[in-house]
Protein chains: 2
Amino acid sequence: MVELLRTPGPPIYIQIREALRAEITGGRLKRGEQLPSENKLAARFNVSRMTIRESTEDLVSEGVLYRRHGVGTFVAHPHLQRDHTKLTSFFDEAEDEGVAVQVKLLGLKVIPATPKVAEALDIPAGGHVIRVKTLCYVDGVPITVHDAHMPYGLFAGLVNENLEVQHLWRLFEKAGYRVKRAVQKLEAREASKDVASLMEVKEGAPVLFKERTVYADDGTPVEFTYCYNRGDIYSLTVALER
Amino acid sequence: MVELLRTPGPPIYIQIREALRAEITGGRLKRGEQLPSENKLAARFNVSRMTIRESTEDLVSEGVLYRRHGVGTFVAHPHLQRDHTKLTSFFDEAEDEGVAVQVKLLGLKVIPATPKVAEALDIPAGGHVIRVKTLCYVDGVPITVHDAHMPYGLFAGLVNENLEVQHLWRLFEKAGYRVKRAVQKLEAREASKDVASLMEVKEGAPVLFKERTVYADDGTPVEFTYCYNRGDIYSLTVALER
DNA sequence: GAGTGGTCTAGACCACCCG
DNA sequence: GGGTGGTCTAGACCACTCG
């Protein structure tokens with residue numbers, strides 16, 4: 001029996017969720033094994049059944065558990081590579097993995113948006129955008145060129161910030177926009193002369209090209225970026241759900 | 001006021017969810033606009049507040065609505081390109097877009113798994129897998145090479161099916177495995193001689209290379225596939241959530 | 001029929017944000 | 001202070017699966 005803190009701490013359903021997760025990752029609940037029924041869990045934790053459902057809901061949507069109507073709730077077989085679907089910034093990722101990331105600012109200008117950029121950012125064609133070009137090194141190797149565009153109207157103050165040390169998204173948050181979601185289009189392309197020389201590869205070498213639009217949680221597009229990643233080093237893992 | 005069917009039909013919370021969605025897509029609730037409070041919605045639909053929360057929960061996680069504690073629930077600005085994060089089969093996608101897809105079976109064998117395949121499929125190294133190689137044409141143009149591996153133990157009957165007309169996943173379902181989730185690793189690569197000749201491009205042309213593992217809803221890995229997509233034609237859109 | 005998850009109720013108290 | 005969403009209760013009935 002897990003000790004639940006009725007006050008103040010995290011909500012009960014989160015405490016129960018984490019207790020269940022710990023039982024699974026700790027091996028006390030094995031893959032494929034059936035959980036106690038919701039009624040029994042409610043009794044065990046001394047909460048209502050609705051609260052138990054809230055606890056398991058997240059685990060089900062994460063793929064840790066699955067439910068079969070009329071049968072029971074079970075521990076899913078663990079997927080390898082589980083968490084790669086999360087939207088994280090380069091900085092956060094690198095921090096987690098202990099990799100040294102360096103950012104070199106190639107340029108910062110306020111310019112009128114191209115039609116494509118304007119459409120992605122949902123601003124009038126020709127409206128002002130801040131364009132930030134950076135080159136990203138991982139362990140000293142140039143790996144990514146970013147060509148980012150932000151609506152000038154939202155982030156005018158951004159032009160005075162030191163963009164080599166802090167991530168754009170932290171600045172977005174200062175302006176009241178929480179980054180929530182990104183949509184990326186990916187293609188394999190040949191490196192152009194410019195990109196090739198920046199990334200120190202031959203012209204025509206394969207690069208992973210991405211067009212990324214980043215949205216705040218209210219749906220406002222806050223960033224549209226062209227990314228060029230060295231094909232011989234960079235790979236991207238994504239998860240899709242049905 | 002929407003007419004709710006108390007019996008039998010879909011659950012009330014789904015009816016309400018769809019009614020709200022219709023008000024949004026129909027423009028009666030505009031982007032950025034605040035919804036009536038949960039209490040008011042409960043009164044309007046004559047249901048309990050918990051049911052209203054269930055209705056809006058899905059819309060929030062879809063990004064259609066967003067909530068601000070102590071403030072209210074609002075209509076998010078619509079994202080362009082919303083639905084590209086869903087896991088769908090080639091066949092389903094093509095059907096929706098009215099594109100002619102043709103599949104040519106290049107080979108079907110039962111072979112011992114390579115270490116990498118075995119690990120992805122969670123079977124012993126050297127265990128038997130069904131290997132299916134196909135070439136996919138869209139509007140007559142060769143666009144994708146698939147090199148798929150399935151555990152022989154789960155899908156032995158599959159070797160007798162006509163794989164050119166029906167999708168693998170339908171056969172998985174016959175065997176009791178609902179496809180739920182896939183994890184893909186993407187890279188930009190140069191086309192090898194073999195792949196280049198199949199896809200009718202030059203050797204060394206950029207291709208989008210994917211390693212994909214497909215999971216059933218109980219977490220069982222059911223398919224591990226190497227995909228090669230023509231870089232000059234194929235692009236992939238994915239959504240990431242924070 | 002017994003047990004499971006799926007849906008739903010009619011309340012309650014709390015934390016948060018605003019004027 | 002008043003309204004909002006966040007959490008929680010103690011029940012209820014239904015739909016599904018299995019023996």
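In what follows, chains are A, B, ... by sequence order, proteins preceding strands, each numbered from 1.
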Notebook entry, point to check: Does a side-chain N or O from B/T51 land closer than 4.0 Å to OP1 or OP2 of C/dT7, or not?
Noted result: no
Note to self: Measure CZ/A/F45 against P/D/dT7 and give the value in whole Å, please.
What the structure shows: 18 Å
What are the atom names and distances for every N/O pair under 3.5 Å that joins the protein to nucleotides 3-6 of chain C?
{"unit_1": "C/dG3", "atom_1": "N2", "unit_2": "A/G70", "atom_2": "O", "d": "2.9"}
{"unit_1": "C/dT4", "atom_1": "OP1", "unit_2": "A/K40", "atom_2": "NZ", "d": "3.4"}
{"unit_1": "C/dG5", "atom_1": "OP1", "unit_2": "A/T73", "atom_2": "N", "d": "3.3"}
{"unit_1": "C/dG5", "atom_1": "OP1", "unit_2": "A/T73", "atom_2": "OG1", "d": "3.0"}
{"unit_1": "C/dG5", "atom_1": "OP2", "unit_2": "A/E38", "atom_2": "N", "d": "2.8"}
{"unit_1": "C/dG5", "atom_1": "N2", "unit_2": "A/H69", "atom_2": "NE2", "d": "3.3"}
{"unit_1": "C/dG5", "atom_1": "N3", "unit_2": "A/H69", "atom_2": "NE2", "d": "3.4"}
{"unit_1": "C/dG6", "atom_1": "OP2", "unit_2": "A/R53", "atom_2": "NH1", "d": "2.7"}
{"unit_1": "C/dG6", "atom_1": "OP2", "unit_2": "A/R53", "atom_2": "NH2", "d": "2.9"}
{"unit_1": "C/dG6", "atom_1": "OP2", "unit_2": "A/R67", "atom_2": "NE", "d": "3.0"}
{"unit_1": "C/dG6", "atom_1": "N7", "unit_2": "A/R49", "atom_2": "NH2", "d": "2.6"}
{"unit_1": "C/dG6", "atom_1": "O6", "unit_2": "A/R49", "atom_2": "NH1", "d": "2.9"}

Item checked: Whole-Å gap separating P (D/dG5) and CG (A/D218) -> 16 Å
Check: Looking only at heavy atoms, what is the nearest atom pair of A/H149 and A/V129, with distance?
Finding: CD2-CG2, 4.2 Å
Check: What's the CD-C1' distance between A/E57 and D/dC8, to the nearest Å?
Finding: 15 Å
Notebook entry, point to check: Roughly how far apart are A/K133 NZ and A/K109 NZ, rounded to 0.5 Å?
Noted result: 8.5 Å
Next item on the list: Measure the distance from CD1 on A/I52 to C1' on D/dG11 and round it to the nearest whole Å.
Entry: 16 Å
Note to self: Closer than 4.0 angstrom, basic N to acidic O: yes or no for A/R67 and A/E57?
What the structure shows: yes
Margin query: One thing to verify: whether B/E23 and B/R44 come together as a salt bridge, which I'm taking to mean a side-chain N less than 4.0 angstrom from a carboxylate O.
Written below: yes
Next item on the list: Find the distance A/M50:CE to C/dA12:C1' and express it as a whole number of Å.
Entry: 14 Å
Check: Salt bridge check: are A/E18 and A/R21 linked by an N-O gap of less than 4.0 Å?
Finding: yes
Check: Are the charged groups of A/E223 and A/R212 less than 4.0 angstrom apart, N to O?
Finding: yes
